[in-house]
Amino acid sequence: MKTSKCGLSIAFVIALMAVILALPGMLPGQTAAAKSSGGEATSAMRWNVQVDQVDPGNLELAYSFQIAIYENLLEELKKTTQFQQVFRDGDLKASAVPNLLVLKTTVEKYTPGSETRRAVTTVSGATKLMVRNQLLTREGKIVLERTVNGNVRIFGSNLRATHNLARNIAKTIKQSSWSDSGQPTAILTGQL
């Protein structure tokens, strides 16, 4: 009889701890949702973004890398929830939405790597990408310009560099600040 009470008490304590640990993660999200639903000004000022196809520049970048950068970028921008909607290049619905920004990505440097060399040694075989991103208004005014890197050094396929690059681009955009009017507060150049 004591064993079942002890087991029941342990199960109760574990369940209580799980609820306590899960609760702090939910409360800030609930508070933010309550604040954003309470005021229309925050949702009215949200921007939409259209992601243009990746420009390989003057480099011979494989089409698979261009597509991988593009698709990963769409996914990572959606994850940030920075924008109300994320549109693909050529989406006709984008022309009808207000507050549209266009993201242009141009590859500036590309170092093809080798998965085999990375597996054998950690000092060689890295795949590296460096791109210049421009976030522009419909009128062509630059809101944000930044050079961003993506690479895979030790583990992962060569295309993993495109995922890392897209994540870094989305992070850069989310951490930047630009005015609600679409005028550039500062054109940021540098590397991440």
Side-chain angles (χ1 to χ4, degrees), residues 46-95 97 99-178 182 184 186-192:
R46 288 197 56 199
W47 288 89
N48 298 292
V49 67
Q50 177 179 328
V51 181
D52 279 0
Q53 290 289 333
V54 174
D55 179 5
N58 58 0
L59 302 173
E60 291 188 28
L61 183 66
Y63 190 66
S64 60
F65 267 79
Q66 294 174 45
I67 296 299
I69 293 169
Y70 182 74
E71 293 297 328
N72 283 319
L73 192 51
L74 289 168
E75 187 174 323
E76 291 298 320
L77 287 172
K78 287 177 186 174
K79 283 182 189 177
T80 66
T81 65
Q82 177 77 17
F83 299 101
Q84 189 171 354
Q85 290 180 303
V86 178
F87 294 101
R88 293 178 170 273
D89 190 14
D91 191 336
L92 299 177
K93 292 182 252 176
S95 62
V97 297
N99 299 334
L100 182 71
L101 295 172
V102 178
L103 179 65
K104 295 185 180 286
T105 305
T106 305
V107 180
E108 293 186 337
K109 288 184 184 177
Y110 168 62
T111 306
S114 168
E115 293 177 45
T116 305
R117 286 176 46 196
R118 280 196 303 274
V120 174
T121 177
T122 60
V123 293
S124 67
T127 301
K128 299 176 185 177
L129 285 163
M130 184 170 77
V131 300
R132 186 185 74 229
N133 283 105
Q134 291 181 318
L135 199 56
L136 304 123
T137 63
R138 286 183 206 247
E139 296 79 31
K141 294 180 182 176
I142 297 174
V143 176
L144 175 72
E145 183 172 8
R146 188 79 187 248
T147 301
V148 182
N149 294 316
N151 58 48
V152 59
R153 293 185 185 272
I154 301 174
F155 297 111
S157 71
N158 288 336
L159 288 178
R160 180 72 180 173
T162 63
H163 170 75
N164 294 341
L165 175 68
R167 189 181 66 232
N168 290 343
I169 292 169
K171 181 179 173 183
T172 300
I173 291 171
K174 187 170 184 173
Q175 291 176 348
S176 68
S177 62
W178 27 273
I187 297 175
L188 300 175
T189 55
Q191 293 183 352
L192 176 70

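This structure is a prediction, so every number in the text was calculated from the model and none was measured.
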Distance (rounded to the nearest 0.5 Å) between [X] [atom1] and [Y] [atom2]:
| X | Y | atom1 | atom2 | answer |
| --- | --- | --- | --- | --- |
| Thr111 | Asn151 | OG1 | CG | 9.5 Å |
| Glu139 | Leu100 | CD | CG | 10.0 Å |
| Thr137 | Asn99 | OG1 | CG | 11.0 Å |
| Thr172 | Lys174 | OG1 | NZ | 12.5 Å |
| Asn164 | Glu76 | CG | CD | 9.0 Å |
| Gln85 | Asp91 | CD | CG | 8.5 Å |

Which heavy-atom pair separates [X] from [Y] by the least distance, and what is that distance?
| X | Y | answer |
| --- | --- | --- |
| Gln50 | Ala94 | OE1-CB, 3.4 Å |
| Thr127 | Pro112 | OG1-C, 4.3 Å |
| Phe83 | Asn48 | CD2-C, 4.1 Å |
| Ala170 | Thr80 | CB-CG2, 3.7 Å |

For Tyr110, which residues count as a ring-ring contact (aromatic ring centres under 6.0 Å, His included) partner, sequence neighbours excluded?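 Testing Tyr110 for ring-ring contact (aromatic ring centres under 6.0 Å, His included), a comparison that skips the adjacent residues, returns Phe65.
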Do the side chains of [Y] and [X] get nearer than 4.5 Å, heavy atoms only?
| X | Y | value |
| --- | --- | --- |
| Val49 | Phe87 | no |
| Leu101 | Leu136 | no |
| Leu129 | Thr162 | yes |
| Asn133 | Leu144 | no |
| Gln82 | Leu77 | no |
| Ile173 | Leu135 | yes |
| Lys104 | Val51 | no |

Determine, step by step, whether Gln53 and Tyr70 satisfy the side chain to side chain contact (heavy atoms under 4.5 Å, CB included) criterion, reporting the C-alpha distance in whole Å, the side-chain angles of both residues, the deciding distance to 0.1 Å, and the verdict. CA-CA 6 Å; Gln53 290 289 333; Tyr70 182 74; 3.7 Å; yes
Can you name the residues that form a side chain to side chain donor-acceptor pair (under 3.5 Å) with Glu71, not counting sequence neighbours?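 Arg88.
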Please name all residues satisfying side-chain contact (heavy atoms from CB on, under 4.5 Å) with Glu75, sequence neighbours left out, ordered by chain then number.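 With sequence neighbours excluded, Glu75 shows a side-chain contact (heavy atoms from CB on, under 4.5 Å) to Lys79, given in chain and number order.
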Side chain Gln66, main chain Asp55, donor-acceptor under 3.5 Å: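 No, the answer is negative, given that no donor and acceptor are paired below the 3.5 Å cut-off.
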Of Thr105, Asn149, Asn168, Thr106, which meets side chain to side chain contact (heavy atoms under 4.5 Å, CB included) against Val131?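 Single side chain to side chain contact (heavy atoms under 4.5 Å, CB included) partner of Val131 among Thr105, Asn149, Asn168, Thr106: Thr105.
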Carboxylate-amine/guanidinium contact Glu108 Arg132, below 4.0 Å: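 A salt bridge is present here (some side-chain N lies under 4.0 Å from a carboxylate O).
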